[in-house]
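So the structure is just underneath, and the comments pick up after that.
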2 protein chains.
Amino acid sequence: MSKRDDLAEQATDHALEHGLIGLSLRPLAAALGTSDRMLLYHFGTKDDLVATLLRVSNDRSVAAVRALTPARDVRRAVRDLWRAMNTESLQRCQRMYVEAAALGLFGREPYATVVREANEVWIGAVADHLVASGVRRSRAVRATALLDAAYTGLMLDLPLDEGVPQQRQTVRDLVDAVAAVAQGSA
Amino acid sequence: MSKRDDLAEQATDHALEHGLIGLSLRPLAAALGTSDRMLLYHFGTKDDLVATLLRVSNDRSVAAVRALTPARDVRRAVRDLWRAMNTESLQRCQRMYVEAAALGLFGREPYATVVREANEVWIGAVADHLVASGVRRSRAVRATALLDAAYTGLMLDLPLDEGVPQQRQTVRDLVDAVAAVAQGSA
DNA sequence: GGACGAGTGTAGCGGGTGCTACATTTGTAG
DNA sequence: CTACAAATGTAGCACCCGCTACACTCGTCC
């Protein structure tokens, strides 16, 4: 693995832990045992570094979803997705994605562009999982849109109240809703 | 209206237009025709200023929802909410809320605290609208949780693709899902 | 008129930012 | 051994940040 790739992985870990928004080169470099000088040397620009981080993080998320075994029906598929997404590591990736999306909300680059790409890939992976679990493609796309929107919203509210435990009922309702869309009962 | 309140309103307008994340005192003050010195004089601290902005913005959102006429059934209630939320002004408020929530994702103050407060009030207003439209309280709370999560997620994805038009199908599915929860058919 | 407090302008402090210039080390190929 | 390119350290530039010290102008009350 090239030095650059190694730094990218380490930097991604650091960003996943400390957040993307306040990220700055000197503290990051210090945490990785290198210097801002070297980060710029390898990545050219802070924006390029950040874009790389986001892609690495997204690749991890997508890999985790694609590694799921297809389920016997939609409900199980959605529940499996939910369980995977609540993994410590995947939750961090999603959290950083949310940060990036917020940074891109007003069109700021490179966030807007990278988030657009990442979202497309991610949506594709989730939809594929539903398809592999027996959902018709067109239905799967619709179901994924709903599922992803709700999941992202829940992620954003996570630090509020008691977080996950209190969301259980919402998740049950969400599973029902996604299943309804996927099965075309509506 | 006190000078301070006036500045708070103007500053809120500015933040709603230019985003919360890059906000800094000098450009903000210049845009309002004053100086950073005066902002600090009136608000004490940038954090206090930001907290005030967020409260003003949230108050506007909540007022807009509370001004809605109760609907004849859940579906109409949800569609009215969706239409209200897609008002230019309300969308901006929601967008800034999302920024604040992202800033608070890692516990950063004052964002985390203010977002928690704002969310509570906002959820209450939406739930009340559902109740006023004939939904049982306990059902309304569940339906609101789902509705709010999905709506926030959609907001975050808005800058992607073509935005609202492409979300129409998702919104239809969401209306069905919320109605299902509210009517207790599940 | 004189004291006083609210409001405001000017200047600047200390520190962080992304990034760069320059010199140096290190590894490798001829 | 030499030559050259990749990798790295040191120092610093120009700029932005939140915030503050100090002086000054007012309007108001005694």
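Residue numbers begin at 1 in each chain, while the letters A, B, ... track the order of the sequences.
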Give the intermediate values and the outcome of salt bridge (charged side-chain N to carboxylate O under 4.0 Å, His left out) for residues A/Asp128 and A/Arg137. CA-CA 8 Å; A/Asp128 284 350; A/Arg137 180 108 236 156; 2.6 Å; yes
Donor-acceptor contact present, side-chain A/Gln91 to main-chain A/Arg95, <3.5 Å: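 Answer holds: no.
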Please check this pair: side chain of B/Thr87 against backbone of B/Leu90, looking for a donor-acceptor N/O pair closer than 3.5 Å.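 No.
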Salt-bridged, B/Arg60 to B/Glu9, with N to O below 4.0 Å?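 Salt bridge: yes.
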Once you build an axis from the first five pairs and another from the last five of the helix from C/dG1-D/dC30 to C/dG30-D/dC1, how far apart in angle are they, to 10 degrees?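 Computed from the C1' atoms at both ends, the axes differ by 10°.
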Figure out the CG/C1' separation between A/Leu7 and D/dT8, and round it to whole Å.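 Value for this atom pair: 12 Å.
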Report the distance from atom CG of A/Leu32 to atom P of D/dT8, rounded to the nearest whole Å.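 To the nearest whole Å, that distance equals 13 Å.
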Just by distance, no angles: are the side chains of A/Asp47 and A/Tyr111 close enough, under 3.5 Å, to form a donor-acceptor pair?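 Their side chains do not contain a donor-acceptor pair, so the 3.5 Å distance test is not met.
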Side chains of B/Arg136 and B/Ser138: donor-acceptor distance under 3.5 Å anywhere?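 Note: B/Arg136 and B/Ser138 side chains meet the donor-acceptor criterion.
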Can you find a heavy atom in the side chain of B/Trp122 that is under 4.5 Å from one in the side chain of B/Gln94?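 Result yes, sub-4.5 Å side-chain heavy-atom pair found.
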Reading nucleotides 8-21 of chain C 5' to 3', which nucleotides get B (base under 4.0 Å from a protein heavy atom), which S (sugar-phosphate only), which -? BBB-B----BBBBB
Would you mind telling me which of B/Thr152, B/Asn119, B/Asn58 makes a side chain to side chain donor-acceptor pair (under 3.5 Å) with B/Tyr97?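 Going through the options one by one, the only one that passes is B/Asn119.
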